[in-house]
**Q** 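Mind having a look at this structure? Questions to follow.
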Amino acid sequence: MEDELRVVSASYITENGGPVVELFGRNRKGESFTLLYRNFLPYFYVIEPTGTELEALDKIDDKVKIENVKLQYRGETRNAIKFTCRSPWRVPEFRKIIRDQNRILAADIPFHFRFYYDFDLGSCVKFSGNEVERGKFTTDHVVVLDSIEKTADFLPPLKIMSFDIENTIKTQRLLVIGYTISFTGKYEDGYIVGEPADIVRQFVELVRKQDPDVITGYNIDGYDLPFIEGVASKGGIELKLARDMTTPQRIQGQFWRIHGRVVADAWWNVKREIHPKQETLAFVSIELLGESKGDVDRLNIDREWEKDRERVIKYCIKDSYLALRILEKIDVLDKYENMSTVSLIPLDDVWNSGNSTLIDSLVIRVADRRGIAVPMNNFINRNEEKIEGGYVHSIEPGLYDMVAVLDFKSMYPSLMIKYNICFTTISEDGEIISPNGTRFVSPERKRGLIPELLEDLMRTRDKYKLMMRNETDPGRKRYLNSMQSQVKILMNSFYGVFASSFYRFTDQNIGSSITAFARETIKGIINDLNSKGIQVIYGDTDSVFIKTGKTDVDSAVSFSVSIGEEISKRLGIQIEVERVLDPLFSHGAKKRYAGKVVYPENERGNLIVRGYEIRRTDSFDLQSEALTEIFNYILNRDVNGALRRAKEIISDVKSGRVEIDKLVISRSVKDFEFYKEQDSLANVQTAKKLMKQGQEFVPGMKVSWIVVDSKKRPQEVEPYIPNQTSNIKPDYQYYADRVAQTLSRVTEVFSVDETSLKNVDIKKKSTLEDFF
DNA sequence: TCTACCTGCTTACCT
DNA sequence: ACAGGTAAGCAGGTAGAG
């Protein structure tokens, strides 16, 4: 049979002592497939092995063959051997034979990636093969492959299954699993009750029968899955949740791998996508969906279960439904499917692995084609020394009129292209010299692999952007926009990966050359503009904020656009006018500013804030709201109004005229062992109290609290649980002080300090000019 | 003994 | 298992004033 598939996940199993590559996914019709390939073997390279090493390798029972090859290694052609064996899982053992790990190449590439690179596969594949009996596999079809290749991407319907468990707190007994399934726009739900072991057995059956592509739930990574695994192991049940009957595996104590399916914790995804102020399911459901959770008291779940079982079951199903809806709402599925298309690896690997995996996928293929050696990642000899980063220009306190923000379009990728920065071009005799003295050969002599790859990506992005502009169908337009945005994200992640200390192609000089060129570029522009009498008031890494000196928006825009065009032409890197702000406020701190947008047109009138408490998830609502109000006064040039309102807010807080919900502070908590003085931290104190109460807590979660006595050292806090605050007495003086602190940073620019905000009448000043 | 100031630790943000 | 630069709050200390 022949068909096309979007690949959800790839892995391998062992059969008769040899590896079988398996790809899982769905065709356009939404039928699920398992594709099997049996004739692929693992291999790696060793540069100039010694006699003893070669002998030892030759003696390995698992060996299939040893071939002589030539590879480009650090700019030289070197002799190497290609060692092919049968067992992917034994490669780490074979690596130990070689003393110097630097001479072993490509021996740390997960087997399914090796298959992906060598067959040059992508997010979707076209295949032909023989359909066989389903056997142990749970998919609609199982095909033994004859051929497989990359094909144009498409988005088939994927099946998502969300689940949630309830258990007693004291005895940790599993009571119920509730679930919701979403497929082709339809929802279906249900539940499983009974003896804990039976619940788990039926759950495994359910997953096998429903065969979902994505498994989700709220906090399943750290709570529900480990809990179910615990019940399974105690009951001697094999947790065969995978599409190939294997059991889930936890990677680095964090992500789960279930062959053929993506495990996508809704909590983790929400955290990554929207950074909510609080991370409980209740809070996120309200914020994102406007829906509230059921009102079952989890702390008294044992009694609730006795009293009204139906209600607890309904509540459990609802939680699974909410998690599913949240995952759909934040639109991650399409996004990661598109990133899978851009980075050419299966959906699961995009969703649940780091950026270096995406970069690997593009770089290793090209390196292999060109005979360039692929070293291994080095997690052991990590260089502790940090490379110097971007330049941040100081900003003076004040209110500035008609400020244009110009910034470089993908600055780091552009610089890598412009200066041919690459591990293949770094050379003592290079013609291009970076400000820190590192040399790269000119593109005329040798075009770098990375610059070429980045240029391809730039072209791809421009192509998507052009298509998007000409597209009239809204759905198609959204898809094209998402594609161009994923390409941009991938391009921008190159720098970070190449500047990281462990990445296989890392060279300290590459990372520091990129940032050195960037600093030189931005400082050059600032000096140049200043010498022309154009005042640069701020800049961060790839941006400059200039005073246009104009009074109307059109002149300000055309003035700054012409400056941008001149610079772009002169430097060969695109710099664009991102916004014009009128006015822009700063209290004199880097990475913090607020402004009113006057350009672009579609953002006109918007308040934009960077860095300030309004942006921070660990500030309490009252603080954010108060500062927003004050900014609105200031940006409308009503300083007196700002001062009056600031005093009013502070005095209200001081006397307790404020809702307790506005005083909630939330912060994340790591593993307790991480901290030097865990007991003196409010977030850890809160987490410990929550655990004592029997609340769900896993490291990495945000916890919320109210400060009840800030005089104590460390300050005393109480966990915040919505609708359960009657016995909490906030330390109003503390909150008043903090709000005053926040607001006075703004008012001090106009000569009104914290003490005067909190106390006596302010000096009578009526116009803005009087304050300078 | 109280306050001002400093340092180290920590989190979250900006690009 | 992508980077560095930065602000700011709290804990806990010390120096100097009262």
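What you are looking at is a predicted structure, and each value in this text was computed from that prediction instead of being measured.
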**Q** Using the ring-ring contact (aromatic ring centres under 6.0 Å, His included) criterion, which residues pair with A:Y12? Sequence neighbours excluded.
**A**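 Here the qualifying residues are A:F111.
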
**Q** Report the stems of DNA chain C as range-with-range entries sorted by first number; a stem here is at least three consecutive pairs, Watson-Crick or G-U wobble, both distances under 3.5 Å, and write none if there are none.
**A**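 DNA chain C stems, ordered by first number: B:1-15 with C:3-17.
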
**Q** Could you pull out all residues at least two apart from A:F379 that satisfy ring-ring contact (aromatic ring centres under 6.0 Å, His included)?
**A**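 Once residues adjacent in sequence are excluded, the partners of A:F379 under the ring-ring contact (aromatic ring centres under 6.0 Å, His included) criterion are A:F502.
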
**Q** Would you say A:W256 and A:D265 are linked by a side-chain donor-acceptor pair, where the criterion is simply a distance under 3.5 Å?
**A**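 Their side chains do not contain a donor-acceptor pair, so the 3.5 Å distance test is not met.
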
**Q** Any base atoms under 4.0 Å from A:S668, or only sugar-phosphate, or nothing? Heavy atoms, all strands.
**A**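 Sugar-phosphate: the residue A:S668, judged by heavy atoms under 4.0 Å, touches backbone atoms but no base.
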
**Q** Under 3.5 Å, is there a donor-acceptor pair linking the side chains of A:N420 and A:T425?
**A**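 Side chains of A:N420 and A:T425: no pair found under 3.5 Å.
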
**Q** Between A:I387 (CD1) and C:dG5 (C1'), how many Å, whole number?
**A**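 Nearest whole value for this atom pair: 12 Å.
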
**Q** Any luck finding a side-chain donor-acceptor pair between A:K277 and A:S624 under 3.5 Å?
**A**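 The answer is yes; a qualifying pair exists.
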
**Q** What is the separation between atom CD1 on A:I395 and atom P on C:dT6, rounded to the nearest whole Å?
**A**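 These atoms are roughly 14 Å apart.
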
**Q** How long is the line joining CG of A:D507 and P of C:dA3, in whole Å?
**A**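 These atoms are roughly 16 Å apart.
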
**Q** Go through DNA chain B in 5' to 3' direction and return only the first and the last nucleotide with some atom under 4.0 Å of chain A's heavy atoms.
**A**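 It runs B:dC9 to B:dT15.
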
**Q** Go through the side-chain N and O atoms of A:N338 and A:S482 and say whether any donor and acceptor fall under 3.5 Å apart.
**A**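 The answer is yes; a qualifying pair exists.
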
**Q** Under 3.5 Å, is there a donor-acceptor pair linking the side chains of A:D737 and A:Q741?
**A**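 Absent: no donor and acceptor within the cut-off.
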
**Q** Counting primed atoms plus P, OP1 and OP2 as sugar-phosphate and everything else as base, spell out the protein contacts along nucleotides 7-15 of chain C at 4.0 Å heavy-atom distance: B, S or - for each nucleotide, 5' to 3'.
**A** SSSSSS---

**Q** CD1 of A:I514 versus P of C:dC2: gap in Å, rounded?
**A**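 Distance check: A:I514 CD1 to C:dC2 P gives 16 Å.
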
**Q** For the pair made of CG in A:D542 and P in C:dG5, what is the distance, rounded to whole Å?
**A**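 After rounding, the gap between these two atoms is 15 Å.
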
**Q** For A:E613, is there any backbone N or O sitting under 3.5 Å from a side-chain donor or acceptor partner on A:S619?
**A**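 Yes: the side chain of A:S619 pairs with the backbone of A:E613.
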
**Q** In whole Å, what is the span from the OH atom of A:Y495 to the P atom of C:dC2?
**A**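 Going from OH in A:Y495 over to P in C:dC2 covers 14 Å.
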
**Q** Between A:R738 and A:T742, do the side chains contain a donor N or O and an acceptor N or O under 3.5 Å apart?
**A**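 Side-chain D/A pair, A:T742 to A:R738: absent.
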
**Q** Rounded to the nearest angstrom, tell me the gap between atom OH in A:Y593 and atom C1' in C:dT6.
**A**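 About 14 Å, once rounded to whole Å.
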
**Q** Would you be so kind as to tabulate the donor-acceptor pairs closer than 3.5 Å made by side chains of residues 573-582 of chain A, with sequence neighbours excluded?
**A**
unit_1: A:R579; atom_1: NE; unit_2: A:E603; atom_2: OE1; d: 2.9
unit_1: A:D582; atom_1: OD1; unit_2: A:M402; atom_2: N; d: 2.9
unit_1: A:D582; atom_1: OD1; unit_2: A:R637; atom_2: NH2; d: 3.2

**Q** Surrounding CD of A:E396 (heavy atoms of other residues, nucleotides or ligands, distance under 6.0 Å), is the total greater than 12?
**A**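 Open.
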
**Q** When we call it a touch if two heavy atoms are under 4.0 Å apart, what does A:K670 touch: a base, just sugar-phosphate, or nothing?
**A**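 If one applies the 4.0 Å heavy-atom cut-off, A:K670 turns out to touch the sugar-phosphate alone, with no base involved.
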
**Q** Base, sugar-phosphate or nothing for A:N492? Non-hydrogen atoms, less than 4.0 Å.
**A**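 Answer is nothing: A:N492 stays at 4.0 Å or more from every strand.
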
**Q** Can you tell which of C:dA1, C:dA3, C:dG5 lies closest to the side chain of A:F379?
**A**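 Looking only at side-chain atoms, A:F379 lies closest to C:dA1.
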
**Q** Around A:K702, counting heavy atoms of other residues, nucleotides and ligands shown, do more than 12 lie under 6.0 Å from its NZ?
**A**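 Atom NZ in A:K702 is crowded, with more than 12 foreign heavy atoms closer than 6.0 Å.
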
**Q** Return the value, rounded to whole Å, for the distance between atom CD1 of A:I510 and atom P of C:dA3.
**A**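 It works out to 15 Å between those atoms.
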
**Q** Would you mind classifying the nucleic acid contact of A:G389 as base, sugar-phosphate or nothing, using non-hydrogen atoms under 4.0 angstrom?
**A**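 Sugar-phosphate contact only.
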
